[in-house]
Protein chains: 2
Amino acid sequence: MDIQLKRGLLDVCVLAAIKNEDSYGYKIIKDLKPYIELSESTLYTILKRLENARMLTVRSAEHDGRLRKYYHITNNGIKRIEEFKEEWKEVISIYQFVIKEDSRE
Amino acid sequence: MDIQLKRGLLDVCVLAAIKNEDSYGYKIIKDLKPYIELSESTLYTILKRLENARMLTVRSAEHDGRLRKYYHITNNGIKRIEEFKEEWKEVISIYQFVIKEDSRE
DNA sequence: GCGTAATACATCGTAACGCGAAGTATATTA
DNA sequence: TAATATACTTCGCGTTACGATGTATTACGC
């Protein structure tokens, strides 16, 4: 999938992936895999960004001797998803413009 | 509208805007305005990029004493729109994932 | 028991891209 | 004659996705 197209989707996908249940990096990548692929370096950058934007909080926990950082969505994060849904209306209208122009004979 | 969300759409919008009739910079911006806004610096960058990628060709013409550069879509450009329509299926599936997670109670 | 894969997180440098700012130049209009 | 519209160009900046690389532990196949 085109990188540019992913840019507007990744943040919200990560937020959606932790919305119902706190999760950690490795699991988020696996959960998103059927929908959108992202590398570890990409994800950890995103998580850091979302944390700085106070859209999620972090809590460290040990699991089988390995460190895990669990991410929890905040109200800001939930708001971000809401905004995304609003923006989606614009996206649809843009898509329809493209289709309209494309299918004109 | 979120910049990141625009990134995957702008190229294709510009191609769609010239697909049925050759057009020029200033007009493209106006035609796209109801759907997506972009600055001149953004558009001319995109046009140069699409030209380098052989998705369009350019022809200069004088109009009322002012220079106009008319852009014409190529087969590569048309292919790009087709690819976009294919990728859109993935985008929809991603969107549905977000909605599904968001609406789970 | 030993190599490989899986789990888990972190950092660095790079390239692509949108955009504001600033510039050049002509035509129209108030 | 000043302001606005038309029309294209270039520069630098900030944001972002990603490959490469690194660290460290656990699980599994042979």
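Every chain is numbered from 1 and lettered A, B, ... according to where its sequence line falls, protein lines coming before strand lines.
The side chain of B:Arg7 contributes no N or O atom lying less than 4.0 Å from OP1 or OP2 of C:dG18. In this model, the phosphate group of D:dT9 is not approached by any side-chain N or O of B:Tyr44 to a distance below 4.0 Å at OP1 or OP2.
With values rounded to the nearest 0.5 angstrom, A:Leu9 atom CG is found 10.5 Å from B:Glu90 atom CD. In this structure, B:Glu83 CD and B:Asn76 CG are separated by 9.0 Å, a value rounded to the nearest 0.5 Å. The distance from the CD1 atom of A:Ile73 to the CZ atom of A:Arg80 is 11.0 Å, given to the nearest 0.5 Å. Summarising the geometry, atom CD belonging to B:Glu40 is positioned 11.5 Å from atom CG belonging to B:Leu47; distances are rounded to the nearest 0.5 Å. Atom OH in A:Tyr71 sits 10.0 Å away from atom OG in A:Ser23 (nearest 0.5 Å).
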Handout entry: Check against salt bridge (charged side-chain N to carboxylate O under 4.0 Å, His left out), B:Lys79 and B:Glu82
Key = CA-CA 5 Å; B:Lys79 253 185 240 166; B:Glu82 289 308 310; over 6 Å; no
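Using a 4.5 Å cut-off on side-chain heavy atoms (C-beta onward), A:Ile94 and B:Lys6 make no contact.
Note: CD (A:Glu62) to P (D:dT25) measures 11 Å, nearest angstrom. Computed from coordinates, the B:Lys6 NZ to D:dT15 P distance equals 17 Å when rounded to whole Å. Here D:dA7 presents its P atom at 14 Å from CZ of B:Arg59, a figure rounded to the nearest Å. For A:Leu43 and C:dA8, the CG to C1' distance is 11 Å, given to the nearest whole Å. One can place CG of A:Leu67 at 6 Å from P of C:dC9, the figure rounded to the nearest angstrom. As rounded to whole Å, 15 Å separates atom P of C:dC17 from atom CG of B:Leu38.
Hydrophobic clustering keeps B:Tyr70 apart from B:Ile78 (ILVMFWY residues linked when any side-chain heavy atoms are closer than 4.5 Å, directly or through intermediates). Two different hydrophobic clusters hold B:Ile46 and A:Ile3 under the rule that ILVMFWY side chains link at heavy-atom gaps under 4.5 Å.
Near DNA chain D, meaning a heavy atom under 4.0 Å away, there are no residues from residues 77-94 of chain B. Annotation: proximity of residues 45-57 of chain B to DNA chain C (heavy atom, distance under 4.0 Å) is found for B:Ile46, B:Arg49, numbered in ascending order. Within residues 13-31 of chain A, the residues having any heavy atom under 4.0 Å from DNA chain C are, by residue number, A:Tyr24, A:Gly25, A:Tyr26, A:Lys30.
Between A:Gly8 and B:Tyr71, the one whose closest nucleotide on DNA chain D sits nearer the 5' end is B:Tyr71. Mapping A:Glu37 and B:Ser41 onto DNA chain D by nearest heavy atom places B:Ser41 at the nucleotide closer to the 5' end.
Under the side-chain hydrogen bond (donor to acceptor under 3.5 Å, both in side chains) criterion, A:Ser41 pairs with A:Ser39, not counting sequence neighbours. With sequence neighbours left out, A:Glu87 forms a salt bridge (charged side-chain N to carboxylate O under 4.0 Å, His left out) with no residue at all. Shown here are the ring pair (Phe, Tyr, Trp, His ring centres under 6.0 Å) partners of A:Phe84, two or more places apart in sequence or in another chain: A:Trp88.
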At a cut-off of 3.5 Å, list every protein nitrogen or oxygen paired with a nitrogen or oxygen from nucleotides 1-4 of chain C, distance to 0.1 Å.
none

Contact list (N/O, under 3.5 angstrom) for nucleotides 25-30 of chain C vs protein:
unit_1, atom_1, unit_2, atom_2, d
C:dT26, O2, B:Arg66, NH1, 2.7
C:dA27, O4', B:Arg66, NH1, 3.0

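Listed nucleotides: C:dG20, C:dG18, C:dA8. Nearest to the side chain of B:Ser39: C:dG20. Comparing D:dC8, D:dC18, C:dA16 against the side chain of A:Gln4 picks out C:dA16 as the nearest.
With hydrogens and angles disregarded, no donor-acceptor distance shorter than 3.5 Å links the side chain of A:Thr42 to the backbone of A:Leu38.
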Mind listing the side-chain donor-acceptor pairs of residues 10-21 of chain A below 3.5 Å, one per line with the distance, residues two or more places apart or on another chain?
unit_1, atom_1, unit_2, atom_2, d
A:Asp11, OD1, A:Arg49, NH2, 2.7
A:Lys19, NZ, B:Asp102, O, 2.8
A:Lys19, NZ, B:Asp102, OD1, 3.0
A:Asn20, ND2, B:Glu101, O, 2.7
A:Asn20, ND2, B:Glu101, OE1, 3.3

Considering only distance and modelled atom types, tabulate donor-acceptor pairs under 3.5 Å from the side chains of residues 52-65 of chain B, sequence neighbours left out.
unit_1, atom_1, unit_2, atom_2, d
B:Asn52, ND2, B:Lys48, O, 3.4
B:Arg59, NH2, B:Asp22, OD2, 3.2
B:His63, NE2, B:Arg68, NH2, 3.3

Please set out all donor-acceptor pairs under 3.5 angstrom arising from side-chain atoms of residues 26-37 of chain B, sequence neighbours excluded.
unit_1, atom_1, unit_2, atom_2, d
B:Lys27, NZ, B:Asp31, OD2, 3.0
B:Tyr35, OH, A:Lys100, NZ, 3.1

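One can find a donor-acceptor pair under 3.5 Å joining the base of D:dC8 and the side-chain atoms of B:Glu40.
Applying the under-4.5 Å side-chain rule to Ile, Leu, Val, Met, Phe, Trp and Tyr, the cluster around B:Leu67 consists of that residue alone.
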